[in-house]
Asker: 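One structure follows; several queries about it will come next.
Computed from a prediction, not measured in an experiment: that's the story for all the values here. Reckoned from all heavy atoms, side chains included, excluding hydrogens, waters and symmetry mates.
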Amino acid sequence: MISTQNWADTRRLWDYHQMGHTPRPCSVAIGLGSHDLGVADTAAELYERGMAPLIVFSGATSHTTRERMPRGEAVHYRERALELGVPGSAILVEPRARNTGDNIRFSRELLEEAGAEVSSVLLISKPYEERRAYATARKLWPEVEIISASSPMTLNEYVDSLGDARMVIDMLVGALQRLLVYPGQGYLISQPVPADVIEAYERLCRAGFTSRLLTTEAPSA
């Protein structure tokens with residue numbers, strides 16, 4: 001049972017995870033691999049709007065995507081973008097990344113090998129991963145400007161798109177924990193977390209939304 005308080009707390013986390021950036025033209029768009037093909041849809045839409053001349057899709061597979069995207073997240077993203085009209089010449093595929101840090105490092109290496117000049121990055125992620133992706137990129141690639149983007153969805157729309165409310169809440173809680181823990185491990189920059197967001201996070205943890213929490217030494221971001 002998900003209570004009214006649980007939903008109120010989830011919305012606080014949802015709002016905090018989003019950076020509120022307005023997309024603008026950048027040197028490149030980087031779509032971070034995940035279970036969510038909406039990242040590829042957003043990348044294609046922003047490409048069509050002239051927000052980036054080049055897209056990098058980054059991602060291997062994980063336990064949550066192995067069955068849904070057997071050829072790898074980045075490959076499936078590319079196929080989706082091609083279906084939506086993005087030319088193949090405008091897409092680079094980075095197929096090795098298994099976490100957000102890898103996404104940034106390996107995409108940067110790929111762009112350097114391609115001779116692309118990058119001063120700004122349109123960083124496209126799942127809606128609840130905007131802040132973590134931004135903080136990771138700022139840590140690993142501080143000399144470029146980072147603009148965060150994701151599918152323009154409400155929390156309710158996102159839950160409906162996945163069909164699993166508990167999983168979404170668990171993921172929001174896990175993403176917030178990483179924002180709290182990873183700066184001390186050098187994986188991303190530290191950002192202020194409002195007290196009401198911390199309180200909402202703690203209530204959700206006590207309510208049992210903990211399947212995505214780190215329980216042992218944290219892996220790379």
Asker: Do the side chains of Val173 and Thr210 get nearer than 4.5 Å, heavy atoms only?
Answerer: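 No, too far: nothing below the 4.5 Å cut-off.
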
Asker: Any side-chain heavy atom of Lys139 sitting closer than 4.5 Å to one from Tyr182?
Answerer: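 Side chain of Lys139 against side chain of Tyr182, heavy atoms only: no contact under 4.5 Å found.
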
Asker: Decide, yes or no, whether a salt bridge links Glu109 with Arg105 under the criterion of side-chain N to carboxylate O below 4.0 Å.
Answerer: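 Result for this pair is no, no salt bridge flagged.
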
Asker: Measure the spacing between SG of Cys26 and CG of Leu54 and express it to the nearest 0.5 Å.
Answerer: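 Between atom SG of Cys26 and atom CG of Leu54 there are 12.0 Å.
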
Asker: Is the shortest side-chain heavy-atom distance between Glu117 and Leu111 below 4.5 Å?
Answerer: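 The answer is no, as the side chains (C-beta and beyond) never meet within the 4.5 Å cut-off.
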
Asker: Would you kindly say whether Ser150 and Glu130 are connected by a side-chain donor-acceptor distance under 3.5 Å?
Answerer: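 There is such a pair between these side chains.
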
Asker: Taking ring-ring contact (aromatic ring centres under 6.0 Å, His included) as the cut-off, I'd like each qualifying pair that reaches into residues 72-99, sequence neighbours left out, listed once.
Answerer: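 Sorted pair list: Phe57-Tyr77.
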
Asker: Nearest heavy-atom pair of Ala90 and Pro53: which atoms, and what distance?
Answerer: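 That would be CB-O, 3.8 Å.
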
Asker: Show the nearest heavy-atom pair for residues Val93 and Pro95, with the distance to one decimal.
Answerer: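 Minimum heavy-atom contact is O-CD, 3.6 Å.
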
Asker: Do Asn103 and Thr100 have side-chain N/O donor and acceptor atoms under 3.5 Å apart?
Answerer: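 Asn103 vs Thr100: no donor-acceptor pair found between side chains.
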
Asker: Report whether Tyr187 and Ile30 are members of the same hydrophobic cluster (ILVMFWY, side-chain heavy atoms less than 4.5 Å apart, transitive linking).
Answerer: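 They do not share one cluster, since no chain of ILVMFWY contacts under 4.5 Å joins Tyr187 to Ile30.
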
Asker: Taking side-chain contact (heavy atoms from CB on, under 4.5 Å) as the definition, give me every residue that meets it alongside Arg131, ordered by chain and number, with sequence neighbours left out.
Answerer: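 side-chain contact (heavy atoms from CB on, under 4.5 Å) list for Arg131, sorted by chain: Tyr16, Met19, Leu179, Gln191.
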
Asker: Got a second to check how far Thr42's OG1 is from Ile124's CD1, nearest 0.5 Å?
Answerer: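 That separation rounds to 6.5 Å.
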
Asker: Rounded to the nearest 0.5 Å, how far does CD of Glu143 lie from CZ of Arg138?
Answerer: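 CD of Glu143 is found 10.5 Å from CZ of Arg138.
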
Asker: If I compare all heavy atoms of Ile147 with all of Pro23, which pair ends up nearest, and what's the gap?
Answerer: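 Closest heavy-atom pair between Ile147 and Pro23: CG2-CA, 4.2 Å.
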
Asker: Going hydrophobic residue to hydrophobic residue with side-chain gaps under 4.5 angstrom, can you get from Ile2 over to Tyr128?
Answerer: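 Linked, Ile2 and Tyr128 end up in one cluster.
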
Asker: For Thr61, does its backbone N or O pair with a side-chain atom of Arg98 as donor and acceptor, under 3.5 Å?
Answerer: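 Looks like yes, one N/O pair under 3.5 Å.
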
Asker: Could you tell me which non-hydrogen atom of Gly174 sits nearest to which non-hydrogen atom of Arg178, and how far apart they are?
Answerer: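 Taking Gly174 first and Arg178 second, the nearest heavy atoms are O-NH1, 2.9 Å.
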
Asker: Decide side-chain contact (heavy atoms from CB on, under 4.5 Å) for Arg132 and Thr136; before the verdict, give the C-alpha distance in whole Å, the side-chain angles of both, and the deciding distance to 0.1 Å.
Answerer: CA-CA 6 Å; Arg132 179 182 166 198; Thr136 304; 4.2 Å; yes

Asker: Pair Met153, Ser161 - check side-chain contact (heavy atoms from CB on, under 4.5 Å), show working.
Answerer: CA-CA 10 Å; Met153 305 175 75; Ser161 74; 3.9 Å; yes

Asker: So, Ser120 and Glu145: side-chain donor and acceptor under 3.5 Å apart, yes or no?
Answerer: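 Their side chains do not contain a donor-acceptor pair, so the 3.5 Å distance test is not met.
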
Asker: Distance check, rounded to the nearest 0.5 Å: Ile104 atom CD1 versus Leu140 atom CG?
Answerer: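 The CD1 atom of Ile104 sits 7.0 Å away from the CG atom of Leu140.
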
Asker: Is Leu37 reachable from Val39 through a run of hydrophobic residues whose side-chain heavy atoms are each under 4.5 Å from the next?
Answerer: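 In one cluster: yes.
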
Asker: Taking side chain as C-beta onward, heavy atoms only, is Leu155 less than 4.5 Å from Val168?
Answerer: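 The answer is yes, as the side chains (C-beta and beyond) meet within the 4.5 Å cut-off.
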
Asker: Relative to the ring of Trp14, is the ring of Tyr158 parallel (under 30°), tilted (30 to 60°) or perpendicular (over 60°)?
Answerer: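 Rings of Tyr158 and Trp14: tilted, 30 to 60°.
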
Asker: Got a sec: does the CZ of Arg212 have more than 12 other heavy atoms crowding it under 6.0 Å?
Answerer: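 Counting other residues, nucleotides and ligands, CZ of Arg212 stays at 12 neighbours or fewer.
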
Asker: To the nearest 0.5 Å, how far apart are CD in Gln185 and CG in Leu214?
Answerer: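 Interatomic distance, Gln185 CD to Leu214 CG, rounded to 0.5 Å: 8.0 Å.
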
Asker: For the side chain of Glu129 and the backbone of Lys126, is there at least one donor-acceptor N/O pair under 3.5 Å apart?
Answerer: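 Absent.
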
Asker: Determine whether Leu32 and Val144 fall in the same hydrophobic cluster, where Ile, Leu, Val, Met, Phe, Trp and Tyr are linked whenever their side-chain heavy atoms lie under 4.5 Å apart.
Answerer: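 They do share one cluster, since a chain of ILVMFWY contacts under 4.5 Å joins Leu32 to Val144.
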
Asker: What distance do Arg12 atom CZ and Leu172 atom CG have between them, rounded to the nearest 0.5 Å?
Answerer: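 These two atoms lie 14.0 Å from each other.
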
Asker: Given side chains that start at C-beta, do those of Arg80 and Val86 come closer than 4.5 Å, heavy atoms only?
Answerer: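 A side-chain contact under 4.5 Å is absent here.
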
Asker: Side-chain contact, heavy-atom cut-off 4.5 Å: Thr10 with Phe209?
Answerer: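 Thr10 does not reach Phe209 side chain to side chain.
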
Asker: Between Asp160 (side chain) and Glu157 (backbone), is there a donor-acceptor pair under 3.5 Å?
Answerer: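 Not confirmed, Asp160 side chain does not pair with Glu157 backbone.
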
Asker: Treat each ILVMFWY residue as a node, draw an edge where side-chain heavy atoms are under 4.5 Å apart, and state whether Leu84 and Val75 are in one component.
Answerer: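 Result: no, two separate clusters.
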
Asker: If you look at every heavy atom in Leu123 and Ala133, which pair is closest and at what distance?
Answerer: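 In terms of heavy atoms, the two residues are closest at CD2-O, 3.3 Å.
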
Asker: Using side-chain contact (heavy atoms from CB on, under 4.5 Å), reason through Asp102 and Arg96 one step at a time and then give a plain yes or no.
Answerer: CA-CA 8 Å; Asp102 282 354; Arg96 299 180 295 146; over 6 Å; no

Asker: Provide the closest heavy-atom pair for Asp170 versus Gly208 in the form atom of the first, atom of the second, distance.
Answerer: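 Distance-wise, the nearest heavy atoms are OD1-O, 4.5 Å.
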
Asker: Side chains of residues 193-206: which donor-acceptor pairs under 3.5 Å do they make with residues two or more places apart or in other chains?
Answerer:
from: Arg203; atom 1: NE; to: Asp9; atom 2: OD1; distance (Å): 3.3
from: Arg203; atom 1: NE; to: Asp9; atom 2: OD2; distance (Å): 2.9
from: Arg203; atom 1: NH2; to: Asp9; atom 2: OD1; distance (Å): 2.7

